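Because the structure is predicted, anything quoted here is derived from the model rather than measured.
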Amino acid sequence: MKDSSIYLVSPPTLYVPPTGAAFCLISNNEEWQNEVTSLIERGIKKLQITFYANNTEYVDPKSWIWFWHVAKNCDLIICDSLNCTQQEFNMSMAMLKLGMPVVFRIKSTNEELQTLFHAIDVLYFETLEDLDNILESFFNG
């Protein structure tokens, strides 16, 4: 039997899942985090899923340190550039340089960031539908 449990891990807890898929949600918007977790839960039904998220709208300027440590255990890191600190965004960019799997949520009107991401071949999305397409291709091939 497969473990289909869902775990939400938030600071300061450190947890390494024994099996399944793990996602790091770098965002300070709890509503958006809930939408993303629901989207992923609907798409992955037969695996244990672990979400690492701040899970609050309280902005802790030091949370990037926790994200840095837990992201190493993740299959995908999702950075919400609309609702994260500048340090969290910078950290996510550094993760790219280290070869970690990071995708970014951006505003459709942010042409500068779109151009940058296009130039350096970084995945980004504007809507949950776009994210769903990225997840589909990421996990199915």
Side-chain angles (χ1 to χ4, degrees), residues 2-141:
K2 297 197 183 224
D3 182 359
S4 60
S5 303
I6 297 169
Y7 296 94
L8 177 63
V9 182
S10 60
T13 305
L14 296 175
Y15 168 76
V16 178
T19 63
F23 300 88
C24 183
L25 306 179
I26 301 172
S27 177
N28 292 304
N29 182 327
E30 190 173 1
E31 181 181 332
W32 182 81
Q33 291 174 28
N34 291 337
E35 291 173 1
V36 171
T37 57
S38 293
L39 173 73
I40 294 171
E41 288 171 16
R42 283 192 307 269
I44 302 175
K45 296 188 186 326
K46 296 184 180 183
L47 289 177
Q48 174 181 312
I49 304 172
T50 303
F51 294 102
Y52 296 96
N54 190 12
N55 202 34
T56 179
E57 294 192 19
Y58 168 73
V59 178
D60 180 355
K62 299 285 187 185
S63 66
W64 73 270
I65 298 167
W66 178 82
F67 282 123
W68 182 262
H69 290 287
V70 298
K72 296 173 189 172
N73 301 314
C74 294
D75 297 294
L76 188 62
I77 301 155
I78 304 171
C79 178
D80 175 12
S81 71
L82 281 63
N83 297 290
C84 71
T85 66
Q86 186 64 48
Q87 185 63 25
E88 291 165 343
F89 180 82
N90 295 343
M91 175 201 59
S92 299
M93 294 295 287
M95 288 175 173
L96 284 172
K97 179 129 175 96
L98 296 173
M100 298 170 83
V102 184
V103 298
F104 291 84
R105 176 186 182 211
I106 65 171
K107 278 187 183 179
S108 60
T109 57
N110 192 338
E111 291 181 11
E112 295 296 324
L113 199 50
Q114 288 177 355
T115 302
L116 172 65
F117 285 162
H118 181 70
I120 61 175
D121 223 9
V122 172
L123 289 175
Y124 65 89
F125 63 95
E126 299 166 15
T127 66
L128 285 179
E129 184 178 325
D130 295 340
L131 176 59
D132 193 30
N133 292 332
I134 290 171
L135 292 168
E136 192 72 31
S137 64
F138 187 79
F139 284 99
N140 293 327

Given Tyr15, which of Tyr7, Trp66, Phe51, Tyr52 fulfils the ring pair (Phe, Tyr, Trp, His ring centres under 6.0 Å) condition? Tyr7
Do the side chains of Gln87 and Lys62 get nearer than 4.5 Å, heavy atoms only?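 The answer is no; the side chains never approach within 4.5 Å.
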How about Phe23 and Ile44: do any of their side-chain heavy atoms sit closer than 4.5 Å?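 Phe23 vs Ile44: side chains touch.
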Using side chain to side chain contact (heavy atoms under 4.5 Å, CB included), reason through Asn55 and Leu8 one step at a time and then give a plain yes or no. CA-CA 8 Å; Asn55 202 34; Leu8 177 63; 3.2 Å; yes
Show the numbers, then the answer: is there a side chain to side chain contact (heavy atoms under 4.5 Å, CB included) between Leu76 and Ile40? CA-CA 11 Å; Leu76 188 62; Ile40 294 171; over 6 Å; no
[atom1]-[atom2] distance between [X] and [Y], expressed to the nearest 0.5 angstrom:
| X | Y | atom1 | atom2 | answer |
| --- | --- | --- | --- | --- |
| Arg105 | Asn29 | CZ | CG | 6.5 Å |
| Lys107 | Glu112 | NZ | CD | 14.0 Å |
| Ile26 | Cys74 | CD1 | SG | 8.5 Å |
| Asn34 | Leu39 | CG | CG | 12.5 Å |
| Leu116 | Phe104 | CG | CZ | 9.0 Å |
| Asp121 | Leu96 | CG | CG | 10.5 Å |

Can you check whether [Y]'s main-chain N or O pairs, donor with acceptor, with [X]'s side chain at less than 3.5 Å?
| X | Y | result |
| --- | --- | --- |
| Asp75 | Ala22 | yes |
| Gln114 | Ser108 | yes |
| Ser38 | Glu35 | no |
| Gln33 | Ser27 | yes |

Given side-chain hydrogen bond (donor to acceptor under 3.5 Å, both in side chains), test Asn90 with Gln86 step by step and report yes or no. CA-CA 6 Å; Asn90 295 343; Gln86 186 64 48; 3.0 Å; yes
Determine the minimum heavy-atom distance between [X] and [Y], stating which atoms define it.
| X | Y | result |
| --- | --- | --- |
| Met91 | Trp68 | CG-CE3, 3.4 Å |
| Pro17 | Gln48 | CB-NE2, 3.4 Å |
| Ser81 | Cys84 | CA-SG, 3.8 Å |

By ring pair (Phe, Tyr, Trp, His ring centres under 6.0 Å), which residues pair with Phe125, not counting sequence neighbours?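 Ring pair (Phe, Tyr, Trp, His ring centres under 6.0 Å) list for Phe125, sorted by chain: empty.
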Which of these passes side-chain contact (heavy atoms from CB on, under 4.5 Å) with Pro11: Val70, Ile65, Asp60, Asn54?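 Only match with Pro11 under side-chain contact (heavy atoms from CB on, under 4.5 Å): Asn54.
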Test log, rule side chain to side chain contact (heavy atoms under 4.5 Å, CB included), inputs Leu47 and Phe139: CA-CA 12 Å; Leu47 289 177; Phe139 284 99; over 6 Å; no
Show, in sequence, the C-alpha distance, side-chain angles and deciding distance for Ile78 and Trp32, and conclude whether the side chain to side chain contact (heavy atoms under 4.5 Å, CB included) test is met. CA-CA 11 Å; Ile78 304 171; Trp32 182 81; 3.7 Å; yes
